[in-house]
Amino acid sequence: MNKKLLGNTAWYFVGTVISAILGFISSPILTRVLTTEVYAQYGMVTSFTTLVATFVYLGQDEAFMRYFDRRKEPFWSFFWRCIRLPLVLCIIILFLLLEPNHIVLSWVFACDIQNKIAILIAAYIAMLVLQRFLMLTARMEERAANYSVSNIATKVMFFVALYVFYFMGQVVELTELVLALMVGVLCALAINLVVVVKVKHGSNPEGEDIPSKELLCFGIPFAISSTMFWVVPLLEKIIIRDLTNWTVLAIYTSAAIFVTAMGLIKTTVNSIWVPYVYKNYTNEVEFKRIFRQVGISLCWLCLVILAGLIVVRRWVVCIFDSAYYDSMLIAPALVCGACFDLLTCIYSIGINIKKKTQFHVIVPFVQLAISMATLYIGLPRWGLIATGISYLLSIAISRIVQMAIALHYYGIECGYGKLAIMLGIYIAVGILSCFVTSIQFDILCGLFLIVFGTVIAGKDLYAAFAYVLPNKVRE
């Protein structure tokens, strides 16, 4: 493995670890600093703003990555063509949020909304759009240090701003939450502007002429699917709130910190994997071998993470206030679902390579249907446990559909049996751990996952580890 790739991997890994630590440190503090209702609103703010921002991208962020290394035009011209439409949509969103009755915001946050909050939320969404493209520039330029530091700075400055409000004696409510989020994003923008300045701005004579229509055609399916992927959790939280109460929603939100941690790993993998794929997928013989090894190795890594969480879950949740202890019941199920999300970023790459992005639209609707059905059926009977099972099943089934379609167009040639076995284990263990919580079960289950996962991964796991060591092994 070349030194630059190894160095970038180290930076992304360090950034992920620090971000995860910050998340675990901040969560117990937030659950004590904020009221239960405000803490639940914090989850709604992040879900709503990310949902709107994801729609506003119109998939141009994905087109930006897909054609970054294949464009002929200068960087600034390409950057502006990708970001101009999202910025126009941000202005339209502002006017929509300022309608007199604030119907949408009042429904989402279940409280009276003032114009200043609507303006702050619209401004925050615009900042998220700009941050997204600057972060992608850092990723595609393989500036892992900038990418990781800006991610960490976003979280640190958010909590610093929030704690400043708190220690000044000010009651932390929705307005203060949004202002603190904006402070974090501003810091990340400043860090990544350095990368943009250093990008090679000249044209690439060997590149392709990419019409705006092609950028839109490639990106629009992403806009629909990505938006729906954020609509689903937002609707889930509203249903949980309406069918149960704010307390159950708060416990579900606190348990979601483990999904956030897995999301950090997914971001790290994506940051390394996506640039590598678009630079090397044309060499199919070599790339498909690495494709298989990376996929199986990540399946094994997810099993190890899941095993560790199951064993220590009753103690890990002690980082929260005692009112959130029941989050241990659903934490493994949520992590199992997050494992499917992580693996999808590897196995679904064939859809992008073959420009079959229209299939991305199917997946979130499958997830939505399963999620709504399982919540309405399960919440009256199992309450909190139903939230974990619903999340796992909706993610697992929808992502299996996505991976199956992608592998049909760009397969790994072998290793499908190993993949199927490991995915089946995730679902079985995730559901069973919601109902069986004895320490004996947790220890035996953890040992089983590690041993069985290692046996199944076998040769592919060894080859993947050998690849990142100095003495690289080739099969």
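All values below were derived from every heavy atom in this structure, side-chain atoms included, with hydrogens, water molecules and symmetry-related copies excluded.
- In this structure, a donor-acceptor pair under 3.5 Å is present between the side chains of Arg399 and Gln367.
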Requested in this report: Dump the intermediate steps for salt bridge (Lys or Arg N to Asp or Glu O under 4.0 Å) on Glu214 and Lys355, then the final yes or no.
Outcome: CA-CA 10 Å; Glu214 184 171 347; Lys355 301 180 183 179; 3.5 Å; yes
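- Under a cutoff of 6.0 Å and an axis angle of 45°, Lys354 and Tyr281 do not form a cation-pi pair.
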Practice problem: Before giving the answer on side-chain contact (heavy atoms from CB on, under 4.5 Å), spell out for Asn151 and Met135 the whole-Å C-alpha distance, their side-chain angles and the decisive distance to 0.1 Å. | Solution: CA-CA 9 Å; Asn151 253 333; Met135 293 282 281; 3.5 Å; yes
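- Annotation: Lys356, atom NZ; neighbour count of heavy atoms from other residues, nucleotides and ligands within 6.0 Å does not exceed 12.
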Which pairs of donor and acceptor atoms, one on a side chain in residues 249-260, lie under 3.5 Å apart (sequence neighbours left out)?
residue: Thr253; atom: OG1; partner: Leu249; partner atom: O; Å: 2.7
residue: Ser254; atom: OG; partner: Ile251; partner atom: O; Å: 2.7
residue: Thr260; atom: OG1; partner: Ala256; partner atom: O; Å: 3.2

Q | ring pair (Phe, Tyr, Trp, His ring centres under 6.0 Å) between Tyr347 and Trp273, intermediate numbers included | A | CA-CA 11 Å; Tyr347 285 107; Trp273 180 243; 9.0 Å; no
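- Below 30°, between 30° and 60°, or above 60°: for Phe222 and Phe218 the angle between ring planes is between 30° and 60°, a tilted geometry.
- The two residues Thr154 and Ser150 have their closest heavy-atom pair at OG1-O, 2.8 Å.
- Ser390 and Thr374 share a donor-acceptor pair across their side chains, judged by distance under 3.5 Å alone.
- In this structure, Phe68 and Leu136 have side chains that are not in contact, with every pair of non-hydrogen atoms separated by 4.5 Å or more.
- Within a 6.0 Å sphere centred on CZ of Phe365, heavy atoms belonging to other residues, nucleotides or ligands number 12 at most.
- Aromatic ring orientation, Tyr409 versus Phe359: tilted (interplanar angle from 30° to 60°).
- Although no hydrogens or angles enter the test, the distance criterion places no donor-acceptor pair under 3.5 Å between the side chain of Tyr391 and the main chain of Pro233.
- The minimum heavy-atom distance between Thr54 and Thr50, with the atom names listed, is OG1-O, 2.6 Å.
- For the atom pair CD1 of Ile450 and CH2 of Trp300, the computed distance is 8.5 Å after rounding to the nearest 0.5 Å.
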How far apart are the C-alpha atoms of Phe78 and Leu215, what are their side-chain angles, what is the distance that settles it, and do they pass the side-chain contact (heavy atoms from CB on, under 4.5 Å) test?
-> CA-CA 10 Å; Phe78 180 66; Leu215 292 175; 4.1 Å; yes
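- Annotation: side chain of Met422 is not in contact with side chain of Cys302 (no heavy-atom distance under 4.5 Å).
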